Amino acid sequence: MVLTNKKRKKERRSYCKREASEYNFFRKMFLFLVTKIGYMIRFKIVYRLKVYGKKNIPKDNNYIVAANHLSTLDPPLVAAIMPRSVCFMAKQELFNIKFLRWWLDWLGAFAVNREHLGASTIKTAKSIKQTDWVLGLFPQGTRCEPGEIKDINKGFASLAKVTKCGILPVGIIGTNEVKRIPFTGKIVVKIGNVIPYNDNLDLVVEQWVKAIEELTGFKYVQN
């Protein structure tokens, strides 16, 4: 029992595992204020944000949001436009920085090893499904050059498989251009049709790549 308690404390400190109870009213309100009000003002005024395909978003939470990745603006952007609260995986190193740890914690993010899909990540994904939140992630793992789709990690397909969720493809264009003057930027987000649950990981990855190509006009670059 002592060892079990120590292990649980260690997991909480590392933020690798989160319980369903942590996705509560207070974190939801913090996320709402930060993304749907704070960031959304910037997206609307500076970047003239346009969102297409909202009708494709399921009414339930039986899906994982999977977007292409261009900028640090992408996570708050996705959280701002989705009707449900979205929590993201973040690389472990970010939780070593005190302020970022606090910030990410309150936004509902959890730490993950990008090279290995650990048991804590799987348990957290399953916990999220028990709430009214949805899991959001970037299959590319890291920011990529606009016009390209590459560096894809199959982990997102594995999480969809273990949680029996579909994949909601989201195409992002324009977040890579940093702008501060009002109406000088342009961000376009296109939401595709849900990719149905399938235990064939390669097929899910292939379908996601094809969807992002169609939504963004970017081309897949094989490593």
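Note that the coordinates shown come from a computational prediction; the quantities given were computed from them, not determined experimentally.
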- Note on the structure: Rounded to the nearest 0.5 Å, the CD1 atom of Ile172 sits from the CD1 atom of Ile191 at a distance of 10.0 Å

- Task: Please list, chain by chain and in numerical order, all residues satisfying salt bridge (charged side-chain N to carboxylate O under 4.0 Å, His left out) with Asp202, sequence neighbours excluded.
- Result: Lys154

- Item | Option passing side-chain contact (heavy atoms from CB on, under 4.5 Å) with Val189 (candidates Val170, Leu215, Thr216) | Val170

- Item | Same cluster (ILVMFWY, side-chain, under 4.5 Å), Leu135 and Val205 | yes

- Item | Shortest non-hydrogen contact between Phe43 and Ile187, atoms and distance | CD2-CD1, 4.0 Å

- Item | salt bridge (charged side-chain N to carboxylate O under 4.0 Å, His left out) against Glu145, all qualifying residues, sequence neighbours excluded | none

- Query: Is a side-chain donor or acceptor of Tyr23 paired with a backbone partner of Gly108 at a separation under 3.5 angstrom?
  - Reply: yes

- Message: Between Phe95 and Tyr15 (judged by ring centroids, cut-off 6.0 Å), do the two rings come close enough to count as a pair?
- Response: yes

- Message: Could you see if Tyr47 belongs to whatever hydrophobic cluster contains Ile41? Use Ile, Leu, Val, Met, Phe, Trp, Tyr and a side-chain cutoff under 4.5 Å.
- Response: no

- Query: Can we call the ring centroids of Phe26 and Trp106 under 6.0 Å apart?
  - Reply: no

- Query: Does any N or O in the side chain of Lys129 come within less than 3.5 Å of the main-chain N or O of Cys165, such that one atom is a donor and the other an acceptor?
  - Reply: no

- Indicate if Leu107 and Phe25 have the same hydrophobic cluster label, given that clusters are the connected sets of ILVMFWY residues with side-chain heavy-atom separations under 4.5 angstrom. yes

- Task: Flag the pair Phe88 / Val78 as yes when at least one side-chain heavy-atom distance between them is below 4.5 Å, and no otherwise.
- Result: yes

- Message: What verdict does the side chain to side chain donor-acceptor pair (under 3.5 Å) test give for Asn176 and Ser71, after you've listed the backbone C-alpha separation in whole Å, the side-chain angles of each residue and the deciding distance to 0.1 Å?
- Response: CA-CA 5 Å; Asn176 55 292; Ser71 161; over 6 Å; no

- Item | Face-on cation placement of Arg84 at Trp133 ring, 6.0 Å and 45° thresholds | no

- Message: Quick test of your reading of the model: are Asp105 and Arg18 salt-bridged, counting only N-O distances below 4.0 Å?
- Response: yes

- Please report the closest heavy-atom contact between Val162 and Lys126, naming both atoms and the distance. O-CE, 3.7 Å

- Output all residues satisfying salt bridge (charged side-chain N to carboxylate O under 4.0 Å, His left out) with Lys179, sequence neighbours left out; order by chain, then residue number. none

- Query: Quick one: CD1 on Ile37 to CZ on Phe32, what's the gap to the nearest 0.5 Å?
  - Reply: 4.5 Å

- Task: Take Thr124 and Met89 through the test side-chain contact (heavy atoms from CB on, under 4.5 Å) and record every step on the way to the result.
- Result: CA-CA 10 Å; Thr124 299; Met89 299 188 300; over 6 Å; no

- Any donor-acceptor N/O pair, Lys36 side chain to Ala79 backbone, under 3.5 Å: yes

- Parallel under 30°, tilted from 30 to 60°, perpendicular over 60°: which one fits the rings of Phe138 and His69? parallel

- Task: Please report the closest heavy-atom contact between Ala66 and Ile167, naming both atoms and the distance.
- Result: CB-CG2, 3.7 Å

- Query: Do Glu214 side-chain atoms and Ala211 backbone N/O form a donor-acceptor pair below 3.5 Å?
  - Reply: no

- Task: Please assess Phe156 against Val204 for the test side-chain contact (heavy atoms from CB on, under 4.5 Å), listing each intermediate value before the final yes or no.
- Result: CA-CA 9 Å; Phe156 81 103; Val204 171; 4.3 Å; yes

- Start with the C-alpha gap between Val112 and Cys16, add the side-chain angles, then the distance that decides, and say whether side-chain contact (heavy atoms from CB on, under 4.5 Å) holds. CA-CA 6 Å; Val112 66; Cys16 289; over 6 Å; no

- Message: Give me the atom names and distance for the closest heavy-atom approach of Leu70 to Gly174.
- Response: CD1-N, 4.0 Å

- Task: Taking only Lys NZ, Arg NE, NH1 and NH2, and the carboxylate oxygens of Asp or Glu, determine whether Lys150 and Glu148 approach each other closer than 4.0 Å.
- Result: yes

- Message: side-chain contact (heavy atoms from CB on, under 4.5 Å), that's the test. Do Leu49 and Met40 meet it? Break it down for me.
- Response: CA-CA 9 Å; Leu49 172 66; Met40 186 56 85; 3.7 Å; yes

- Out of curiosity, does Leu203 fall in the hydrophobic cluster containing Tyr63 (side-chain heavy atoms, cut-off under 4.5 Å, transitive links)? no

